[in-house]
Amino acid sequence: MKHLSDQELMSIVQAGDFGPASELYDRYSSRIYNFAYRFLKKQRGGGRRDQEVFVKMMKHANQFHGGAKLSTWLFSITANWCRDYLRKAENRNQGRRGMC
């Protein structure tokens, strides 16, 4: 599957075959992980950010229409995931301060 383009791989994923997702993961996981690491300012936690982004990619594969590059779409998912993570972390911290 290495010879297929990102769009071709996503078309297969959109048809319900998640096999090509491993090739997409191989292509993008380190870049996504590093992007999230910088976005979160090296904050601890967040687990395997790249894996969670790829789960979202598979869950919402039909929302990718090919108007932009796959990498753009994946980085958008990653940025949204990071914002959600920071918001949840902030809410947890506010809850702890309110208990004192």
Side-chain angles (χ1 to χ4, degrees):
M1 289 202 186
K2 293 187 184 301
H3 64 283
L4 296 176
S5 71
D6 292 346
Q7 265 70 6
E8 291 170 321
L9 292 171
M10 274 305 290
S11 292
I12 297 168
V13 170
Q14 289 172 325
D17 179 358
F18 296 115
S22 63
E23 175 63 28
L24 293 170
Y25 183 84
D26 290 344
R27 290 181 188 183
Y28 291 102
S29 64
S30 63
R31 290 172 33 196
I32 286 173
Y33 183 86
N34 290 329
F35 175 83
Y37 184 78
R38 287 188 310 272
F39 193 108
L40 296 172
K41 297 178 177 58
K42 303 173 188 169
Q43 190 177 52
R44 289 188 141 186
R48 290 297 302 180
R49 302 162 181 110
D50 53 339
Q51 292 175 0
E52 294 188 39
V53 167
F54 279 91
V55 168
K56 286 185 178 286
M57 178 203 75
M58 291 185 294
K59 184 176 180 181
H60 301 289
N62 289 328
Q63 293 179 9
F64 177 72
H65 302 294
K69 291 171 42 175
L70 178 65
S71 59
T72 302
W73 188 65
L74 289 173
F75 286 114
S76 176
I77 292 171
T78 306
N80 288 334
W81 184 90
C82 289
R83 286 184 196 101
D84 289 344
Y85 177 82
L86 290 171
R87 189 176 332 125
K88 289 174 187 173
E90 185 177 316
N91 287 340
R92 282 191 301 269
N93 289 336
Q94 287 178 353
R96 288 180 188 147
R97 280 183 259 169
M99 296 176 80
C100 295

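Predicted, not measured: the structure shown is a model, and the values here were computed from it.
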Please confirm whether the backbone N or O of [Y] pairs with a side-chain atom of [X], one donor and one acceptor, at under 3.5 Å?
X: Ser11; Y: Gln7; value: yes
X: Glu23; Y: Pro20; value: no
X: Gln14; Y: Phe64; value: yes

Could you tell me the separation between the [atom1] atom of [X] and the [atom2] atom of [Y], rounded to the nearest 0.5 Å?
X: Phe54; Y: Ser22; atom1: CZ; atom2: OG; answer: 10.5 Å
X: Met1; Y: Glu8; atom1: CE; atom2: CD; answer: 11.0 Å
X: Asn80; Y: Phe75; atom1: CG; atom2: CZ; answer: 13.5 Å
X: Leu86; Y: Leu40; atom1: CG; atom2: CG; answer: 5.0 Å
X: Thr78; Y: Asn34; atom1: OG1; atom2: CG; answer: 11.0 Å
X: Gln51; Y: Ser29; atom1: CD; atom2: OG; answer: 8.5 Å

message: Checking Asn62 now: which residues fulfil side-chain hydrogen bond (donor to acceptor under 3.5 Å, both in side chains) with it, not counting sequence neighbours?
response: none
Closest heavy-atom pair and its distance - Leu9, Leu24: CD1-CD2, 3.7 Å
- prompt: If you look at every heavy atom in Met57 and Ala21, which pair is closest and at what distance?
  reply: CE-CB, 4.1 Å
query: Do Leu4 and Ile12 have side chains that get closer than 4.5 Å, going by heavy atoms?
result: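 With C-beta onward as the side chain, the pair touches.
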message: I'd like to check Tyr28 versus Val53 (side-chain heavy atoms, cut-off strictly below 4.5 Å). Are they in contact?
response: no
- prompt: Run the salt bridge (Lys or Arg N to Asp or Glu O under 4.0 Å) check on Glu52 and Lys56 step by step: do they pass?
  reply: CA-CA 6 Å; Glu52 294 188 39; Lys56 286 185 178 286; over 6 Å; no
Verify same cluster id: Val55, Phe39 (apolar side-chain graph, 4.5 Å): no
